[in-house]
Amino acid sequence: MTANPPPLSREERLAAKLRENLRRRKAQARQLEQGELGQVEPGTAPDPAFPPIPGLSKGSPSS
């Protein structure tokens with residue numbers, strides 16, 4: 001049998017969550033840029049817990 005790896009530290013868990021969130025946000029931004037929000041690839045669907053950030057798309061004018 002294999003031994004369980006030691007549990008991740010709090011900082012390692014937070015870093016992993018941040019990387020996951022960044023990947024999700026980048027995928028969401030790519031979809032918005034391409035206008036393909038209706039055509040979502042499996043595993044890249046925007047998470048309803050993280051709504052789009054206003055002003056993130058390049059198409060919106062900045063002041």
Problem set entry | Under 3.5 Å donor-acceptor, E33 side chain and R30 backbone | no
Problem set entry | E12 atom CD, neighbour heavy-atom count above 12 within 6.0 Å | yes
From [X] atom [atom1] to [Y] atom [atom2], the distance as rounded to the nearest 0.5 Å:
X: R13; Y: L18; atom1: CZ; atom2: CG; answer: 12.5 Å
X: K26; Y: R23; atom1: NZ; atom2: CZ; answer: 9.5 Å
X: L14; Y: N21; atom1: CG; atom2: CG; answer: 12.0 Å

